[in-house]
Structure formats: structure tokens, C-alpha cells
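Labels below follow one simple rule: chain letters A, B, ... track the order of the sequence lines, proteins then strands, and each chain is numbered from 1. None of these values were measured; they are calculated from a predicted model.
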There are 2 protein chains.
Amino acid sequence: MRVVPRSLAEVQTPGRKLRSELKRGAILDAAEALFVAQGYASTSVDAIAARAGVSKRTLYDHFGDKATIYARTVERLSDTLLTTISDAIREEIPPGRDVREALVGFARRVVTETVPSSEYAVFQRLTARQAQPPALPSSVRNRPERLLEKRFAELTRDGLFQATDASLAVRHFTALTIGIAIDALEDGEFEVAGDAGTDKIIDDGVDAFLRAYA
Amino acid sequence: MRVVPRSLAEVQTPGRKLRSELKRGAILDAAEALFVAQGYASTSVDAIAARAGVSKRTLYDHFGDKATIYARTVERLSDTLLTTISDAIREEIPPGRDVREALVGFARRVVTETVPSSEYAVFQRLTARQAQPPALPSSVRNRPERLLEKRFAELTRDGLFQATDASLAVRHFTALTIGIAIDALEDGEFEVAGDAGTDKIIDDGVDAFLRAYA
DNA sequence: CGAAAAGTACACCGGACAGTGTGGATTGTA
DNA sequence: TACAATCCACACTGTCCGGTGTACTTTTCG
């Protein structure tokens, strides 16, 4: 006589493969959080497994070793970031929108959407040369910038602002807005000020940028 | 008349003491190089001792533990950086010098003098929130910026450029020049280009800054 | 049903590392 | 010469960590 509660099993289990994929995602989530908070070297595989609610063995069955976990984490982060930037460009800097509004909207959105997971900062920091994990090629690191560069070139062609060197303009723009905002957030500069602080930073940055490139 | 020593400490021979001080310096040199290259967690005390040409026991006699070595390293780095910035301000941005020349000279000097030890970048990175070593207060982290801020305020008062908010102007200036240059250096962006690459970055950055703040 | 996939618990290994203890060598100084 | 400061070589402890092996359970599906 079968005592196996088939119905119960079917209800609480959404399929082997799906569940396996969920575990995989949970592992990457945990890994991302820990790598971001503590860095590569100080994050133990046991800690990742514990946080993911998964046995260490499962983790090693999914990914072969710690370096691979790290690589997959950064890859996923990179993809997410790329999507975020791509969406933000399309929706915040559409043809016809006032340039100042568009730039402020874009920067603000990138910063807020990548906080508190702080994808942008995390990505920069994790991909920075620390020689601990295998360093990533700068071609990967700069993908988001390339997207914005293309849009800036179009804006210049339409005469909306002067950026003969689109690559340079993007560098200056991100440095003046997103870069400074992320820096400030990492310093915990305004524990209270919150969004207002970053908003002001971004407004000021866009102001300066437009003064230089209008 | 016999000179009576008040304590043993006063009588200590300059020979021994000097040598001891040299060892101490060598340890800090080694620690700085390794912390910079590998980060805190991945740098072993044994490695520091080996690189300094000093026994591990001597190292532990001088400093009590790894955290203290790290703290002393960052302190020394901070002091060196502050001196570098201070000198650069005094000598590159003197009263009367053409503003563009002064700013280019300043930024170029800060970058070149802090490379390849890359004090500036190192300082930023080591003091960044990584939660591994005891985080430093941002008051320490921002000391160099304060100096430049003061000079910018003077320049504005003299009508040489428009920076009603000196703090903001400094942020924008460093972001546009030193920040981008250091970033590029860390990426190993121009393995060959060398100084020419950073020089162009700085020229472009100063151009943009002056367009925004002239 | 029965095989296989997926996961867990747990013990284990080898190595690295922070930190200590000690005895001995060198060397300025009284 | 005798003493003390300084340093070194070396052995040792406890701990953590990356990674593996294995035996057991649960779930899925032909």
C-alpha cells in the first residue's frame, strides 16, 4: 500500500528542473550579496551556501568551484546592468525630449535602479583590477558606456549638444553624475538625506555637463 | 660635568634605533605594495615579512597584529598623499598663473606623482567600504579635497573662475580629470600610450571644466 | 514499480594563515 | 667584558576554507 502523498508532492513541487533552476538563482543571489559586501577573498563558499539555503555539495554540483561562481555572478550582474542602461536610454532619452530633463532622468534612473544593490558600483568594483579573481576584459567592462555613446553621437548629429567626441562626452557625463553619486552613496555620506542628496548631485552634474557641452 | 640620563630610553643608541626604524619603514613599504596589489584579505603577514626582508617575529614585535599594520599603512599613505596635494597646490596653482595651465599642471602632477604607486587610487580603494578592514572615517578620506577646495574658493574670490560652491567645483574637477585618469590607468587602458594617454585625458577634462566654470 | 535525477548531511583532507613561544645570534653601549 | 636591545630562525597551535567522497532521502517520470 502506497503511503506516498502524491498529491502533496505535486502541489509543493513545481518540477525538478524548475526547482533546480531556482536553487541556482538563489545561489547566485547569495553570492552576489556576499561578494558585494565582503569582496571575493573574504567570502567563503560555506557562507554562500548557508545564505542560499542550499547544501555546499549542491553548490559544487552546480558550479565547479568558487571562481566559476564568481564568474557567473559577474556575468549575470553585467547582463542586468546592460538591460537597465538600455531601457533607461530608450525611455528617458527619447527623440524630442528636452535634453536637460532627459539627462537628469537617465542619470537618476540609473542610480536609483541600481541601488541598493548598487549594480553599477558593484560592477565597477568587482571588475576593478584586484588580481584576486580572474580579471575581466575591459570590453565587457565598458559595454554599458558604448550604448550611451551611440545615443550621444545621435544627439550631437541632431544638434542638441556639442560632443564631437562622443566617447569623451560620455566619460565626462558619467563622471559628473553617476560616478559622483555612487561615490557619495558608498561613503554613506547622507544617511538621512537619501534620494534628495543624490538628486542634487545629479542636477548639479547635468548643469555642469550642459554648460560644457551645450 | 657628567650628563645623567633620565631614562634608558633617552640613552638608546642612534645606531640601533635607526636600524629599527628602517625595518619599520621596510615593513610598511612591503605592506603597502601588497595591500595595493592584492587587497587586505589576500595579503598574508608572512608575505609582508618576506618582502620586507624581515622575520615575522620582528613584524609582530613592531606592530601587534595584521589590522594594526594595515592601519599604519593607510595612515602613512594618507599623510604622503596630503603632502603631495599640498605641494602641488602651492607650486602648480600659484597666484597669477594662467588658470588653464595651473589646473593642467596640478592634475598632471597629482596623477604622475602618485603613479605607479598610484597613491590616489590606492587611497580611494583601500578606504572604500569593503568591510574587511576597519573602515576609515570619511573625514580622513576627504582631507585632500578640502585643501583644493580652499584654493578654489580663493580663485573664485579673485574672479578667475565661477565656482560659487567650491566643494562642488572640486568634486567636478577631480571627477573630470584625476578620477578619469586613474580609472584609465587601472584598466591598463593604454599599455603603450603611457603618459600621452593621461595627458590627453587631463587636457580634455580641464577643457570641459573650464567650459563649465569659466 | 523502479531507475534516475536532485539534493542533503556530514565527515574528511590538505593547505594556508594569524599569532605565539623560545632559544640563539648580532651588536651597540656601560 | 657584561648587558641589553634588536632581530632571526623555527617550530607550533588553532582555525578557517576550498574542495571531495559518500551514504541517505525525496521527487520525477518512463
**Request:** Between protein and nucleotides 8-19 of chain D, map the contacts as a letter string: B base, S sugar-phosphate only, - none, heavy atoms under 4.0 Å, written 5' to 3'.
**Result:** BB-------SBB
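C:dA5 atom C1' lies 16 Å from atom CG of A:L22, rounded to whole Å. As a whole-Å value, the separation of B:F63 CZ from C:dT20 C1' is 18 Å.
For residues 63-74 of chain B, the salt bridge (Lys or Arg N to Asp or Glu O under 4.0 Å) pairs, not counting sequence neighbours, are B:R72-B:E75.
Of the candidates A:L77, A:I85, A:T83, A:I85 is the only one forming a side chain to side chain contact (heavy atoms under 4.5 Å, CB included) with A:L81.
Proximity of a side-chain donor or acceptor of A:T112 to a complementary backbone N or O of A:R108 within less than 3.5 Å is detected. In this structure, B:T43 contributes its side chain and B:L34 its backbone to a donor-acceptor pair below 3.5 Å.
Under the side chain to side chain donor-acceptor pair (under 3.5 Å) criterion, A:K200 pairs with A:D204, not counting sequence neighbours.
Contact annotation: A:H62 side-chain N/O to C:dG7 OP1/OP2 distance is under 4.0 Å.
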